[in-house]
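Reading through the structure tokens given below for one structure.
Position 1 is the first residue of the sequence; numbering continues from there. Both ligands and their constituent atoms are indexed starting at 1 by order of listing.
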Amino acid sequence: MKRAIIIGATSGIGEEVAKLLIQQGWHIGIAGRRKEALEKLQATAPGQIEIQRLDVTDANAPTLLETLIRKLGGMDLFFLSSGIGSQNPDLKPEIELNTARTNVEGFTRMVTAAFNHFKTQGGGHIAVISSIAGT
Ligand SMILES: NC(=O)c1ccc[n+]([C@@H]2O[C@H](COP(=O)([O-])OP(=O)(O)OC[C@H]3O[C@@H](n4cnc5c(N)ncnc54)[C@H](OP(=O)(O)O)[C@@H]3O)[C@@H](O)[C@H]2O)c1
């Protein structure tokens with residue numbers, strides 16, 4: 001069985017990708033900050049879904065990713081779908097800084113952790129949907 005980890009699977013694109021992979025028989029590990037949403041999705045296919053609450057802006061998120069990989073028994077695909085975006089017409093700095101903490105710092109933290117896991121493992125796939133992925 002193929003194994004995927006999805007960060008940001010509690011809504012939006014990440015949740016829909018999770019549902020598609022479940023339909024295709026994948027075993028998935030899902031993460032996000034909202035524990036109830038993780039549990040709700042897990043209840044739809046308990047034998048195929050492991051969950052881990054984590055916040056990509058926290059320094060301990062890579063450790064929690066490793067915990068989720070262990071629960072899943074390994075990882076073939078890492079999919080980062082966590083991201084935020086706000087209209088900010090008054091250009092309040094805190095709104096932009098919070099976006100950077102999630103979309104830039106969180107991206108760097110999580111993709112680095114996934115890359116290092118795959119480097120040790122000898123292979124794997126990384127997919128990211130945010131615009132920073134192109135960089
Ligand atoms: N490349 C493209 O064409 C394209 C198109 C559309 C969207 N996007 C980008 O893709 C991202 C997701 O879009 P969406 O429509 O799926 O948004 P969404 O429905 O708001 O989902 C965002 C997901 O990110 C998670 N998340 C947010 N902050 C987090 C944090 N600090 N730690 C862990 N998880 C976090 C949320 O979970 P919790 O709230 O439970 O933490 C949620 O599961 C956004 O960054 C958006 O800009 C890209």
Min N/O separation Gly14 to ligand 1 under 3.5 Å:
no

Determine all donor-acceptor pairs shorter than 3.5 Å in which one atom belongs to a side chain in residues 68-76; sequence neighbours excluded.
residue	atom	partner	partner atom	Å
Lys71	NZ	Ile51	O	2.7
Lys71	NZ	Gln52	OE1	2.9
Asp76	OD1	Arg3	NH2	3.3
Asp76	OD2	Arg3	N	2.8
Asp76	OD2	Arg3	NE	3.3

Can you sort out which atoms of ligand 1 are near Ser82, meaning under 4.0 Å from one of its heavy atoms?
24 (O), 25 (C), 26 (N), 34 (N), 35 (C)

Should Ile7 and Leu65 count as side-chain neighbours, where that means a heavy-atom distance under 4.5 Å?
yes

Going by the rule side-chain contact (heavy atoms from CB on, under 4.5 Å), which residues pair with Lys40 if we only count those two or more places apart in sequence or in a different chain?
none

Where ligand 1 meets Gly12 - atom numbers and elements under 4.0 angstrom, heavy-atom basis:
16 (O), 19 (O)

For ligand 1, which atoms, with element, lie under 4.0 Å from some heavy atom of Thr102?
28 (N)

Sidechain-backbone polar pair: Asp58 side chain, Ala61 backbone, donor-acceptor under 3.5 Å
no

Under 4.0 angstrom from ligand 1, any heavy atom of Leu54?
yes

Distance filter under 4.0 Å to Ser81 heavy atoms, resulting ligand 1 atoms:
11 (C), 12 (C), 23 (C), 24 (O)

Do we see a donor-acceptor contact under 3.5 Å between the side chains of Asp55 and Thr57?
yes

Test salt bridge (charged side-chain N to carboxylate O under 4.0 Å, His left out) on Glu39 and Arg53; report intermediate values, then the result.
CA-CA 10 Å; Glu39 289 169 345; Arg53 190 199 170 277; over 6 Å; no

Would one find an N or O of Ile7, backbone or side chain, under 3.5 Å from an N or O of ligand 1?
no

With heavy-atom distances below 4.0 Å as the criterion, list the atoms of ligand 1 near Asp55.
30 (C), 31 (N), 32 (N)

Taking 4.0 angstrom as the limit and counting only heavy atoms of Ile129, give me the atoms of ligand 1 inside it, by number and element.
1 (N), 2 (C), 4 (C), 10 (O), 11 (C), 12 (C), 48 (C)

Go through ligand 1 atom by atom and flag the ones less than 4.0 Å from a non-hydrogen atom of Ile84.
27 (C), 28 (N), 45 (O)

For Gly8, counting its heavy atoms only, list the atoms of ligand 1 lying under 4.0 Å from any of them.
23 (C), 24 (O), 25 (C), 43 (O)

Taking distance alone, with no angle check, do Ile13 and ligand 1 share an N/O pair under 3.5 Å?
yes

Any heavy atom of Ala9 sitting closer than 4.0 Å to ligand 1?
yes

Between ligand 1 and Thr57, is the shortest N or O to N or O distance under 3.5 Å?
no

Looking only at non-hydrogen atoms, the one of Glu105, Lys35, Arg33 nearest atom 41 (O) of ligand 1 is Arg33

Which atom names give the shortest non-hydrogen contact between Gly14 and Ser81, and what distance separates them?
N-OG, 3.1 Å

With a 4.5 Å heavy-atom cut-off, do Val111 and Phe78 have their side chains touching?
yes

